[in-house]
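Worksheet for the structure shown next.
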2 protein chains.
Amino acid sequence: MVVTSGHTVAGDDMDDANPVGPPPKRKPITARELARLMGVSQSAVSRAFTPGTSISPQLRQRILRAAAELDYHPNAIASMLSTRRSNIAGIVVSEMQNPFYPTLIEKLSRELQRVGLQSLMFNITRGSNIEEQLVALRKYNVDAVVVVSATVLSGASLRWATEGRAAVLVNRTIPDQTLTSVSCDNVEGARAIADHFHAIGRRQVAYVGGLPHTSTNLERQNAFITRVAELGMTLTHTLSGGEYSYEAGYRAALEIGQAKRTDAVFFANDILAIGGFDAFKDGLGLLVPEDIAVAGFDDVDMTRWPRYSLTTFRQPVDAIIERTVSLIIEQLSNEDFSPSQNPLSGELLIRHSTVGGRGLEKIGLPLPPQEQR
Amino acid sequence: MVVTSGHTVAGDDMDDANPVGPPPKRKPITARELARLMGVSQSAVSRAFTPGTSISPQLRQRILRAAAELDYHPNAIASMLSTRRSNIAGIVVSEMQNPFYPTLIEKLSRELQRVGLQSLMFNITRGSNIEEQLVALRKYNVDAVVVVSATVLSGASLRWATEGRAAVLVNRTIPDQTLTSVSCDNVEGARAIADHFHAIGRRQVAYVGGLPHTSTNLERQNAFITRVAELGMTLTHTLSGGEYSYEAGYRAALEIGQAKRTDAVFFANDILAIGGFDAFKDGLGLLVPEDIAVAGFDDVDMTRWPRYSLTTFRQPVDAIIERTVSLIIEQLSNEDFSPSQNPLSGELLIRHSTVGGRGLEKIGLPLPPQEQR
DNA sequence: CTCGTCATTGCATACGGATGCAATCGTGGC
DNA sequence: GCCACGATTGCATCCGTATGCAATGACGAG
């Protein structure tokens, strides 16, 4: 048996001609090379870059300095393979017409980055094969999964996709509560809106929902209806916009406004509410809030625009993100971790769409001071 | 269990924030195990999952079936290490107040996913050490980088971060043009707005910019000013909002409106324009477009809301994304690829903020048919 | 019936770093 | 001056796949 180890560098010869250049680019320096150049072991290099390992401060410094000089950076892929930790969080999102979510995702991604997790986006599109898209989540071995997709995914899919890793559902739940979720307290919010309508003397109220089968929609709707009944108000309409869009809000508002027996409407989110607001004012010539009061949910930027000055229930975005990140960290470190549901308190923001000019004072520029960013 | 090693800890708080904790979870099945169970070689398993490899259809089927049964999926991390291809694109973003960008990023990420690239988000925050944040880009060995961050990053940083990999700058350029960029044709857009103002009889026009030193702002401003001069119109103001925000537009509009000698304003993006619109109407009681015409840039959703019906220059988002993705694919396959600048044509959308009710007919619902999505 | 060819499949090793364990070095105690 | 012990450092091996090359098998030509 011939053991021609080493020796012939490559099948160079003539068939070196490879027209296509599919594989690599200029190779970055590796830990081994750095080590060889410095006359130390590759282990030393590895340890120099790993906090809490056994290595003398001097050697570590020497290595770090040399690394900086030679532009060496540990290859994260290789680390992942040996440590079985990717330091990557998968963020599962789907179509978002609601500007609330891009904002949330950006902040979330920033926070995750701060604790050492990069965010890998997984866009789930309604049409295509969902299970198949989730396979990627598992293949990439992400340490954690944050699901910010209200729809599309079933509980079963989610359980499968997140099996064996840290996971948090944001603003959605699954019926059996086997997964940890963090959300705005929809019940609190919807009740607050109902209470507010009552407090300003409205008695004929309506609800306009968004995507029918989402937990956000159902929770807000049920809580609102319940509270409205408790307060002895009349529920004139319960509509579903079918989606969380401006047009859906506009359409629903036309229907409500034309019936002329409603004096306050709670839209399940701000975009719906803004569409409704425009329909009442421009489409039907009603006065807001005199003829009809309008409230939304989320507190997106636009609610603060003077045209709308929309009363809304602010989702505690920062708290949601903070809790999400800390729950993930906890799951990553605790062997035993049991799923929990985490509704977080929001805040009712009363603006001109429910309380006329007398009740609040417009300040020169669009934003009342306490709401300035 | 870990017995906290009293690590001397480099208090050198290079806050290498790493979520700590026991790495592993329940181990998924590997190719080797699958192979052993089936009595074939690990290579066979690998080949079964790699298109275009030498393996009989029968064996491939047998393996794929068994894999499905045992819930085996090739570990992407390990593949990356072997192939030196991560199939990941890094998307570099920074603070975005402009809703145009989240939308773009979502679509971009979806398209990249369609061609087999997952998107890893890199949020660059203005405050912190930028170079340090870019290191991650290199450590993760992303195959490609898409920069959608108008600001913050210098050309030098970008060149370093993207060195040796496919890269595309979206809606920004760097002076020396050593990197490929794809953007909306700002010059075309700004000229179109100027022409439009001229066509509707305006002669006293103003420009309101956003972030002063961004290429988008500079290009739009210069092209507008030039064209205005060519057409013999008077440029009454050239303001910089300082940022692309509603408030900045509002403020600038107050200043312009109070001077009472301007009859058309081009805002460098839609958010500025909407702020300006509200300032003119609510803040100053002017009529739009009768007293003053307002135009924006981007064509975000809100421009179509009936309240605003904002004339704007539509960025060819789909074309931008398509070109970006194809340029990336090209760079990934071509050894020699030279950077190019790719301005793409947009489209002037004339709406009511420049042409009164006579000129356009409002259709029942908010969106004129040809603009329905 | 024998040999060459092509199609499959297995074997061995590389990818770049992490880490258990052994080897080495420096020190203080006796 | 000798030995034990803790602090460092190096060695060898593993993480899970991909892939060049050799081995095996099937099949048609001569």
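Letters A, B, ... are given to chains in the order of the sequence lines, protein chains preceding strands, and every chain is numbered from 1. As the structure is a computational prediction, the values presented were derived from the model and not from experiment.
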Would you kindly give the [atom1]-to-[atom2] distance between [X] and [N], to the nearest whole Å?
X      : N      : atom1 : atom2 : answer
B:R47  : D:dT19 : CZ    : P     : 10 Å
B:L34  : D:dG16 : CG    : P     : 13 Å
B:L81  : C:dG17 : CG    : P     : 9 Å
A:R32  : D:dT13 : CZ    : P     : 13 Å
A:N141 : D:dC15 : CG    : C1'   : 11 Å

Nearest to the side chain of [X], heavy atoms from C-beta on, is which of [options]?
X     : options                : answer
B:S82 : C:dT8, D:dT9, C:dC15   : C:dC15
B:Q42 : C:dA12, C:dC15, D:dG16 : C:dA12
A:A78 : C:dG17, C:dC15, C:dG10 : C:dG17
A:P57 : D:dC21, D:dT8, D:dT17  : D:dT8
B:I55 : C:dG17, C:dA18, C:dT9  : C:dT9
A:A44 : D:dT13, C:dG10, D:dG10 : D:dG10
A:S56 : D:dT8, D:dG10, D:dT17  : D:dT8

>> Less than 4.0 angstrom between a side-chain N/O of A:S79 and OP1 or OP2 of C:dA18, yes or no?
In response: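 It does, given that an N or O in the side chain of A:S79 lies less than 4.0 Å from OP1 or OP2 of C:dA18.
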> Does a side-chain N or O from A:Y72 land closer than 4.0 Å to OP1 or OP2 of C:dG17, or not?
Replying inline: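 Checking A:Y72 against C:dG17: at least one side-chain N or O falls below 4.0 Å of OP1 or OP2.
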Describe the nucleic acid contact of [X] in one word from base, sugar-phosphate, nothing, applying a heavy-atom distance below 4.0 Å.
X     : answer
A:S43 : base
A:L59 : sugar-phosphate
A:V40 : sugar-phosphate
A:S54 : base

>> Within this structure, what is the CG-CG distance for the pair A:N334 and A:L332, rounded to the nearest 0.5 Å?
In response: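 One gets 10.0 Å once the value is rounded to the nearest 0.5 Å.
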> Got a second to check how far B:E33's CD is from B:Y72's OH, nearest 0.5 Å?
Replying inline: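 Those atoms lie 10.0 Å apart.
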>> When you compare the side chain of A:V92 with that of A:V146, does any pair of heavy atoms fall below 4.5 Å?
In response: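 No, too far: nothing below the 4.5 Å cut-off.
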